[in-house]
Asks: 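One structure, pasted below without further comment.
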Amino acid sequence: MKENKLHAQNHSAGNAAVSSEDNGTPCPIETPKPTLRLVDAIVLIIGVVIGAGVFRTPSVVAANSPDWFWFLGIWVLGGVVSLIGALCYSELSSTFPNAGGDYHFLKTAFGKGFSFLFAWARITVIQTGSIALLAYIAGDYMSQMLSLGQFSASFYAILVVITLTLINILGIQFGTGLQKSLIALQFIGLFIILAVGFLASPDVPVAVAQEPLLSSGSFSTLSLALIFVLLTFGGWNEAAYISSELKTGSKNMALVLIVSILIITLVYVLINLAFLNVLGLQGIAASEAVGVDMMRAVLGEKGVVLIGTLVSLSALSSLNTTIFTGARSNYALGKDFKPFAFLGKWNGSKSAPVNSLILQGVIAVALIIFGAFARNGFEAMVDFTAPVFWFFFLCSGISLMVLRVKKPNEPRPFKVPLYPITPLLFIGSCAYLLYSSLTYTGRGAWLGVGLLAVGLIFYLLFRSRVSSKNHNGKVNN
């Protein structure tokens, strides 16, 4: 759930920010310039995707896998599904390059009303849910080093959300300066995990809290495991936000995405092989902080402090970026839609959308409190975000086919191979994961769906007021 993500999504908010001043006075429109090389874009996507999730997700995947073969196979399957989706996004982003990414595709295919629903989902479910989820990862690892009691992870999660929100309110330079330090530590943590995992003897005694009951490999448990794996792969679609910034043109987005996903899949398989080598499948499944348990088994308590600190900082890196970019996409929502105008206020002295940051933080803290009383805070946040996330991913896949019909003459530098089989495979995968996320997860899933329904009702009741502004500061009725 990263510094490069900050760069990509900030253009979306930036475009809205320069479209008009708060008093309606027209001002020049800035557009993204093609400054990225292919290697820059590949590194950007890898940096967006590989984050703190890989230190927490493996335990849930292991608990829902019958053996090590299925455990690793689900990670490979996650890469295959992501690759199919990437081919679809390559056509969308090369044909309709825009800093708005998914927002632009959905608006072009389905209209302003649907784009409002997507923006509503980001502010109430997708982005804030991701913030709460990442905060729980940090909280789980911090609790391994110093427990604060029954709700230790929740206390830490609330603390880091409030702290990082305040840091971002202080100004963009403070926020991005901290980010550069955190992301460097994130990759140090990954290197240590790989080095220790492969150099350690497989028969090292493993200290885990209890022996878990492994899944029987039923359809439902494997589906749940795949949901968590694909969560960890999440973020490659951010390439859509930088499609207009490639020096070589958006036609090369397919190469960027394919290479990125292949590298990410390899890294994930290697990391999980390292965990297996030390902990075994049952040890991974029993762990709430798999990196900590692996280091404890190999290096003792000194290793726990080291990896716990690095992984916590990795989670903070992802969280800091998500807070930064989330507030700016909420700011863009305030500039585009009248009822949310209070979010479209920019504090010049702080160089930050303060109102957006405050509202985002309040919603994230409320979700953390909800997660504290659920079966598990981290899993509750996955339950909460997954159905809404997969619904809009499904709609993005459908938009490819819709836009083939609506805009048949639009130049397409890249066309998805084996059309319509490939997009249908992606749409089918998203539909299945949407169904699984509603069927096999907890009650938090229906809370996310309920908030999406509230957004739909809001739009239907106030559609005359939910008017999108054009770049001249006027309102399109």
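Residue numbers count from 1 along this sequence.
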Asks: If I compare all heavy atoms of S90 with all of S94, which pair ends up nearest, and what's the gap?
Replies: O-OG, 2.7 Å
Asks: Taking only residues two or more places apart in sequence, or in another chain, which ones meet F426 in a ring pair (Phe, Tyr, Trp, His ring centres under 6.0 Å)?
Replies: F393
Asks: Specify the closest pair of heavy atoms between G79 and T265, including all atoms of both residues, with the distance to one decimal.
Replies: CA-OG1, 3.4 Å
Asks: Please list, chain by chain and in numerical order, all residues satisfying side-chain contact (heavy atoms from CB on, under 4.5 Å) with L83, sequence neighbours excluded.
Replies: I258, I261
Asks: Please find the pair of heavy atoms, one from L367 and one from A132, that lie closest to each other, and give the distance.
Replies: CB-CB, 4.1 Å
Asks: Can you tell me how far CG of L425 sits from SG of C430, rounded to the nearest 0.5 angstrom?
Replies: 11.0 Å
Asks: Holding to side-chain contact (heavy atoms from CB on, under 4.5 Å), I want the full list of residues that pass it with A109, two or more places apart in sequence or in another chain.
Replies: S399, V402, L403
Asks: Taking only residues two or more places apart in sequence or in another chain, which ones pass side chain to side chain donor-acceptor pair (under 3.5 Å) with S396?
Replies: Y89
Asks: Report, one line per pair, each donor and acceptor closer than 3.5 Å where one atom sits in a side chain of residues 151-165; sequence neighbours left out.
Replies:
unit_1 : atom_1 : unit_2 : atom_2 : d
S152   : OG     : S143   : OG     : 2.7
S152   : OG     : L148   : N      : 2.9
S154   : OG     : Y136   : OH     : 3.0
Y156   : OH     : L146   : O      : 2.7
T163   : OG1    : L159   : O      : 2.8
T165   : OG1    : V161   : O      : 2.7

Asks: Between F370 and F384, does a ring-ring contact (aromatic ring centres under 6.0 Å, His included) hold up when you go through it step by step?
Replies: CA-CA 10 Å; F370 166 77; F384 174 71; 7.0 Å; no
Asks: W70: which residues meet the ring pair (Phe, Tyr, Trp, His ring centres under 6.0 Å) condition with it, sequence neighbours left out?
Replies: none
Asks: Rounded to the nearest 0.5 Å, what's the gap from CZ on F389 to CG on L230? Could you check?
Replies: 8.0 Å
Asks: If the plane angle is over 60° it's perpendicular, under 30° parallel, otherwise tilted; pick one for F71 and W75.
Replies: perpendicular
Asks: Distance from L226 atom CG to T221 atom OG1, nearest 0.5 Å?
Replies: 11.5 Å
Asks: Who are the side-chain contact (heavy atoms from CB on, under 4.5 Å) partners of L359, not counting sequence neighbours?
Replies: I123, F342, L343, I363
Asks: Sort and list the pairs that fulfil salt bridge (charged side-chain N to carboxylate O under 4.0 Å, His left out) and have at least one residue in residues 131-140, not counting sequence neighbours.
Replies: R56-D140
Asks: Applying side-chain contact (heavy atoms from CB on, under 4.5 Å) to V54 and V267, what does each step give before you reach the verdict?
Replies: CA-CA 10 Å; V54 73; V267 170; over 6 Å; no
Asks: For residues 412-426, which residue pairs qualify under salt bridge (charged side-chain N to carboxylate O under 4.0 Å, His left out), counting only residues two or more places apart or in two chains?
Replies: E91-R412
Asks: Taking the six-membered ring for Trp and the single ring otherwise, decide whether the centroids of F114 and F392 are under 6.0 Å apart.
Replies: yes
Asks: Between atom CD1 of I227 and atom CG of L222, what is the distance when rounded to the nearest 0.5 Å?
Replies: 11.5 Å
Asks: Using modelled atom types only, decide if a donor and an acceptor are shared between the side chain of S287 and the backbone of G283 within a distance under 3.5 Å.
Replies: no
Asks: How would you list, by chain and number, every residue that makes a side-chain contact (heavy atoms from CB on, under 4.5 Å) with I427, sequence neighbours excluded?
Replies: L394, I398, M401
Asks: Do F118 and C395 come within less than 4.5 Å of each other through their side chains, counting heavy atoms only?
Replies: no
Asks: Give the minimum heavy-atom separation between L400 and C88, together with the two atoms involved.
Replies: CD1-O, 3.2 Å
Asks: To check you understand the geometry: which heavy-atom pair defines the closest contact between G448 and V125, and what is its length?
Replies: O-CG2, 3.8 Å
Asks: Are any side-chain N or O atoms of W120 and backbone N or O atoms of L451, one a donor and one an acceptor, separated by less than 3.5 Å?
Replies: yes
Asks: Okay, side chain of T422, backbone of P417: is any donor-acceptor separation there less than 3.5 Å?
Replies: yes
Asks: So does L433 get a backbone contact from the side chain of S436, meaning a donor-acceptor N/O pair under 3.5 Å?
Replies: no
Asks: Can you measure from CE (M294) to CD1 (I271) and round to the nearest 0.5 angstrom?
Replies: 10.0 Å
Asks: If you measure from CG on L461 to CG on L456, what distance do you get to the nearest 0.5 Å?
Replies: 9.5 Å
Asks: T108 and E410: side-chain contact (heavy atoms from CB on, under 4.5 Å), yes or no, with the steps?
Replies: CA-CA 12 Å; T108 305; E410 196 78 19; over 6 Å; no
Asks: Return the minimal non-hydrogen interatomic distance between T385 and I126, and the atom names on each side.
Replies: CG2-O, 4.3 Å
